[in-house]
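Below is one structure, written out as structure tokens, with a few remarks after it.
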Amino acid sequence: MATTTASLEGTVLEAAAHLYVWALKDIPQDLRDALRAARERETSVVGIRVLETIRRNVEIADEQRNLVCQDTGIAVFYCRVGEHFPLHPVGIQRALEAGTERATVEHPLRSNTVHALTRVHTGANVGYRVPIVHWQFVPGWDGLDVKCVPKGSGSENMSFLKMLVPADGVNGIKRFVLESIVEAGGKPCPPGIVGIGIGGSADYALHLAKEAIARPIGTRNPDPLVAELEDELYGLLNETGIGPMGLGGDVTVLQCHIEHADTHMTLNPVAVNYQCWAARRASAHIAPDGTVDYDREA
Ligand code: SF4
């Protein structure tokens, strides 16, 4: 049977529902490896106990096919849409919203969304401009990639932006990142991924910082200068002694990722977005004929 746009919208809906639940239950292998390596290098007794508890937490989630954390977060989707993908982005957006809602109702999942001022609950993890969807359009391609990153509030509350001046330079960037993570302390459920956005504009720097936490752990920015800064900050952040859950230790962060953009000659924006140890993400690659290839590691 030929694929219609209606059936393709249904496919994206099913994929979105699956991705949201899957991400919440089954953390990626690179995260499991990073948590294991953290346990091996931690020397503080309390830090080891915290990392052992996290390990057991993940094991129980696997055994019981349950969530790794009660905070189902806010659903964030990253879409890469090919120019020739047969479903219009309006249909994709509608499917992502409906999929988030279906997963929340059918699982069921805790529903977190409220009106920003009244704080009245707005629906099954859906509301005005929620879930959050980011778009990238790819010329000459006919596929769709969807990545779901459920973002917990404990770590999202530890987001920081500073409009440095160009004279602050790279040292100013390093200082701000370190001050931010020290200020965050144990609140974002460390050890996690520190995402840093540098350049662009104020809003774009924050967007880049969020993109940085959604990368597989330990991947490096293709720009060698930026990759060097990732390595340096990763080392410096682990010298803060904040440790697992902020109780002291060698492992404060699992990784430090940076995304950057060129900027105005009189701007130097830097943003920090923290991702907790439960750094959940799951992806699907959808072909124009509706074939879905799920990918936990993208
Ligand atoms: S910050 Fe992460 S680990 Fe902590 S409660 Fe929220 S989702 Fe769970």
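All ligand and atom numbering here is 1-based and tracks the order in the structure.
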Whether R80 engages the ring of W141 as a cation-pi pair (distance to the six-membered ring centre under 6.0 angstrom, angle to the ring normal within 45°) should be assessed.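 Yes, cation above the ring, under 6.0 Å and within 45°.
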Taking the six-membered ring for Trp and the full ring for Phe, Tyr or His, determine whether the centres of Y294 and H18 are under 6.0 Å apart.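 Yes, ring centres under 6.0 Å apart.
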Sidechain N-carboxylate O distance under 4.0 Å for D71, R110: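 Salt bridge present between D71 and R110.
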Give me the residue, atom name and distance of the protein heavy atom closest to atom 7 (S) of ligand 1.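 Protein heavy atom with the smallest distance to atom 7 (S) of ligand 1: R280 NH2, 3.3 Å.
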Other residues, nucleotides and ligands only: do more than 12 of their heavy atoms fall within 6.0 Å of CD on E297?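 Atom CD in E297 is packed in, count exceeds 12.
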Any Q70 heavy atom less than 4.0 Å to ligand 1: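 In this structure, Q70 qualifies as a contact of ligand 1 - some heavy atom is under 4.0 Å.
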Apply the side chain to side chain donor-acceptor pair (under 3.5 Å) test between D26 and each candidate in R280, R65, R32; give the one that qualifies.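 Going through R280, R65, R32 one by one, the side chain to side chain donor-acceptor pair (under 3.5 Å) with D26 is satisfied by R32 alone.
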Flag yes if L67 and I60 sit in one hydrophobic cluster, no otherwise; membership is Ile, Leu, Val, Met, Phe, Trp, Tyr, and two members link when side-chain heavy atoms are under 4.5 Å apart.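 No, L67 does not connect to I60 through the hydrophobic network.
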Can you list the protein N, O or S atoms less than 2.8 Å from atom 4 (Fe) of ligand 1?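 Metal shell, protein only: C189 SG.
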Who pairs with H260 by ring-ring contact (aromatic ring centres under 6.0 Å, His included), at least two apart in sequence or on another chain?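 Scan of H260 (ring-ring contact (aromatic ring centres under 6.0 Å, His included), adjacent residues dropped) gives none.
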